[in-house]
Amino acid sequence: MTDSVAASHAKGKCATDKIFGANAAAVKDAAQYGNDKVVNATIGALMDDQEKLACIPTVEKVFRELPINNIISYAPIAGSPAFLKAFINLAFADHKPDAYIEAIATSGGSGAIHHTIWNYSDAGDTILTSDWYWGPYKVLCQDSLRKLDTYTLFDEEQKFNIAAFSAKVKELLSKQTNVVVIINTPAHNPTGFSLTDSDWDNVLALFKECAQDTEKRIIPLIDVAYIDYAGEKNACRAFLKKLGGLPTNIFPILACSMSKGFTMYGQRTGAMIGVSSSKEVIEEFKNINQYTSRATWSNITHSAMNLLSTIYQDKELLAQTELERDALYALIRNRADIFMSEAKEANLKMLPYIAGFFLTIPADQPDAVCEKLHEDHIFAVPLAKGIRIAVCAVSSSKIKGMAAKIAKAIQAVAAS
Ligand SMILES: Cc1ncc(COP(=O)(O)O)c(C=O)c1O
């Protein structure tokens with residue numbers, strides 16, 4: 001570019017969004033051939049079986065009934081105390097670790113990731129995540145002048161690859177004082193994988209071994225954006241209890257989001273929750289992240305915070321919300337079950353799906369396969385090494401037959 005006035009660190013920034021592109025192609029196809037012919041498996045939001053954006057009914061009711069002043073007023077920068085208390089208790093359910101725990105309101109889970117990268121790694125540092133990852137992690141790192149490196153998530157048995165994980169954590173710790181490790185579990189985007197409780201034992205054993213060097217700090221950033229669609233509430237949170245009693249140079253931060261769990265995507269509300277054995281670390285956490293909020297977006301949406309605390313404080317509303325959310329979860333579960341059983345019949349290899357909005361098929365030429373699928377009016381997101389299917393967005397009736405068509409497209413591309 002010859003005409004550029006951007007500062008040197010900003011030059012050339014351009015977020016090319018494959019998801020947006022794939023969705024646009026699906027919308028165009030639907031305009032030409034009709035909605036019922038087109039399978040749009042690109043969208044990262046929960047659609048009901050009529051393919052309308054789903055809202056948890058009690059969430060809608062409470063939201064519409066909020067007094068206007070609860071919507072338009074400024075919120076405290078750290079977040080309203082009732083919201084923070086509610087989100088902490090909802091995040092851990094019966095598995096609150098024995099530790100100092102505090103939260104800061106953030107602009108969605110994205111805001112929590114942003115603050116963690118900014119405040120817990122140094123300029124130029126490398127952040128670690130798995131080789132299958134949500135694309136914006138890289139953008140969030142690079143915009144803060146950090147790099148992103150990856151380890152191989154699965155071993156040959158499609159289990160969590162603790163050996164690859166250990167090697168990368170140790171490699172980065174040999175070069176950096178702080179290492180932020182992003183772990184998106186349970187119900188990982190894009191694979192639907194969840195670390196087991198024994199995977200967590202291995203991960204924490206490694207962190208404790210590394211933390212013996214007290215000059216080093218390990219910051220596990222646990223992205224729990226999909227935790228409300230990951231299985232039974234307490235079972236999928238059991239690992240959180242293990243975050244208590246850790247050395248003070250291991251500082252887990254949970255990135256929480258109301259986008260999926262409360263179907264409030266556009267309300268941009270989430271929280272970062274810090275868990276530490278040290279009171280000072282937690283006080284610092286409150287101070288530095290509140291400061292960064294002031295410097296980034298000031299305070300966040302008051303209405304969604306009020307919505308969450310209103311629901312949390314009323315046992316009946318909370319029970320009703322959870323019931324209605326479970327019905328949405330059952331919808332995705334059913335779609336994923338159909339896909340997985342058909343994939344087996346079609347000999348279509350998948351990455352290990354446990355739960356969540358997405359599943360992934362590994363493929364050699366993902367862009368070409370997705371292009372080929374357009375002939376069948378199927379639209380999915382090509383990843384670096386596979387194809388992401390948003391089971392959250394495709395009705396059960398349209399899921400039927402998809403696996404066989406994907407298997408056929410993969411064969412056709414391989415043969416061409
Ligand atoms: C893996 C993952 N983490 C975090 C988020 C954060 O979402 P939000 O910023 O809307 O809360 C998303 C949303 O798509 C996601 O897929």
Side-chain angles (χ1 to χ4, degrees), residues 15 17-20 22-23 41-47 53-56 59 79 83 87 90-91 103-118 127-141 143-144 148 150 153 180-195 220-230 236 253-273 289 292-293 296-297 300-301 303-305 307-308 332 351 353-360 381 383-384 388-393:
D17 194 331
K18 282 206 168 181
I19 301 178
F20 184 78
N23 181 48
T42 67
I43 306 167
L46 218 162
M47 302 289 172
L53 184 64
C55 182
I56 296 170
V59 166
F83 163 77
F87 223 171
L90 290 170
I104 291 278
T106 55
S107 173
S110 304
I113 299 163
H114 170 267
H115 280 24
T116 305
I117 291 168
W118 183 246
I127 314 293
L128 185 63
T129 197
S130 54
D131 52 352
W132 297 98
Y133 67 90
W134 184 49
Y137 289 157
K138 192 166 195 174
V139 180
L140 281 154
C141 288
D143 203 47
S144 288
L148 183 69
T150 61
L153 178 57
V180 172
V181 184
I182 309 177
I183 304 178
N184 176 206
T185 192
H188 172 253
N189 174 6
T191 64
F193 178 70
S194 300
L195 267 71
L221 170 53
I222 309 167
D223 180 351
V224 295
Y226 296 93
I227 197 162
D228 289 318
Y229 302 90
C236 71
I253 297 172
L254 265 55
C256 302
S257 169
M258 283 182 70
S259 297
K260 283 73 183 178
F262 289 83
T263 57
M264 285 271 108
Y265 314 88
Q267 291 303 307
R268 309 307 312 133
T269 302
M272 60 197 300
I273 302 179
N289 290 300
T292 298
S293 294
T296 314
W297 53 66
I300 61 151
T301 322
S303 53
M305 284 196 268
L307 168 82
L308 190 91
I332 318 183
L351 294 178
Y353 176 90
I354 310 291
F357 276 33
F358 309 103
L359 52 81
T360 293
V381 176
L383 307 168
R388 188 185 83 166
I389 304 293
V391 284
C392 58

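Along the sequence shown, residues carry numbers from 1. All ligand and atom numbering here is 1-based and tracks the order in the structure. Just so it is clear, the values below take in all heavy atoms, side chains as well, and ignore hydrogens, waters and symmetry mates.
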message: Just verifying a value: how many Å separate Asp228 CG and Met258 CE, rounded to the nearest 0.5 Å?
response: 10.5 Å

query: Is ligand 1 under 4.0 Å from a heavy atom in the side chain of Ser110, in the backbone, in both, or in neither?
result: both

message: Asn189 versus ligand 1: do any nitrogen or oxygen atoms come within less than 3.5 Å of each other?
response: yes

Identity and separation of the nearest protein heavy atom to atom 10 (O) of ligand 1: Ser259 OG, 2.6 Å

Nearest neighbour in protein (non-hydrogen) for atom 13 (C) of ligand 1: Lys260 NZ, 2.5 Å

- prompt: Any idea which part of Met258 is under 4.0 Å from ligand 1, heavy-atom wise: side chain, backbone, both or neither?
  reply: neither

message: Which residue and atom name correspond to the protein heavy atom nearest atom 5 (C) of ligand 1, and how close is it?
response: Trp134 CH2, 3.4 Å

field: From SG (Cys256) to CD1 (Ile273), nearest 0.5 Å
entry: 3.5 Å

- prompt: Which atoms of ligand 1 are found less than 4.0 Å from any heavy atom of Arg268?
  reply: 8 (P), 9 (O), 10 (O)

query: Between the main-chain N or O of Ile182 and the side-chain N or O of Tyr133, is there a donor-acceptor pair closer than 3.5 Å?
result: no

Per-atom contacts, ligand 1 versus Ser257 - under 4.0 Å to a heavy atom: 8 (P), 11 (O)

message: Let me confirm one number: the CD1-CH2 distance from Ile19 to Trp134, rounded to the nearest 0.5 Å.
response: 9.0 Å

statement: among protein heavy atoms, the one nearest atom 16 (O) of ligand 1 is Tyr226 OH, 2.6 Å

statement: d(Thr116 OG1, Ile104 CD1) to nearest 0.5 Å is 11.0 Å

task: Give the residue and atom name of whichever protein heavy atom lies nearest to atom 4 (C) of ligand 1, and the separation in Å to one decimal.
output: Asp223 OD2, 3.3 Å

- request: Kindly compute the distance separating OG1 (Thr106) from CZ (Phe87), expressed to the nearest 0.5 Å.
  value: 8.0 Å

message: If we ignore hydrogens and angles and just use 3.5 Å, is the side chain of Thr185 paired with the main-chain N or O of Ile183 as donor and acceptor?
response: no

task: Output the list of atoms in ligand 1 that are nearer than 4.0 Å to some heavy atom of Gly108, sorted by atom number.
output: 9 (O), 11 (O)

Under-4.0 Å heavy-atom contact with ligand 1, by part of His188 that carries it: neither

message: Return the OG1 to CH2 distance between Thr296 and Trp118, rounded to the nearest 0.5 Å.
response: 9.0 Å

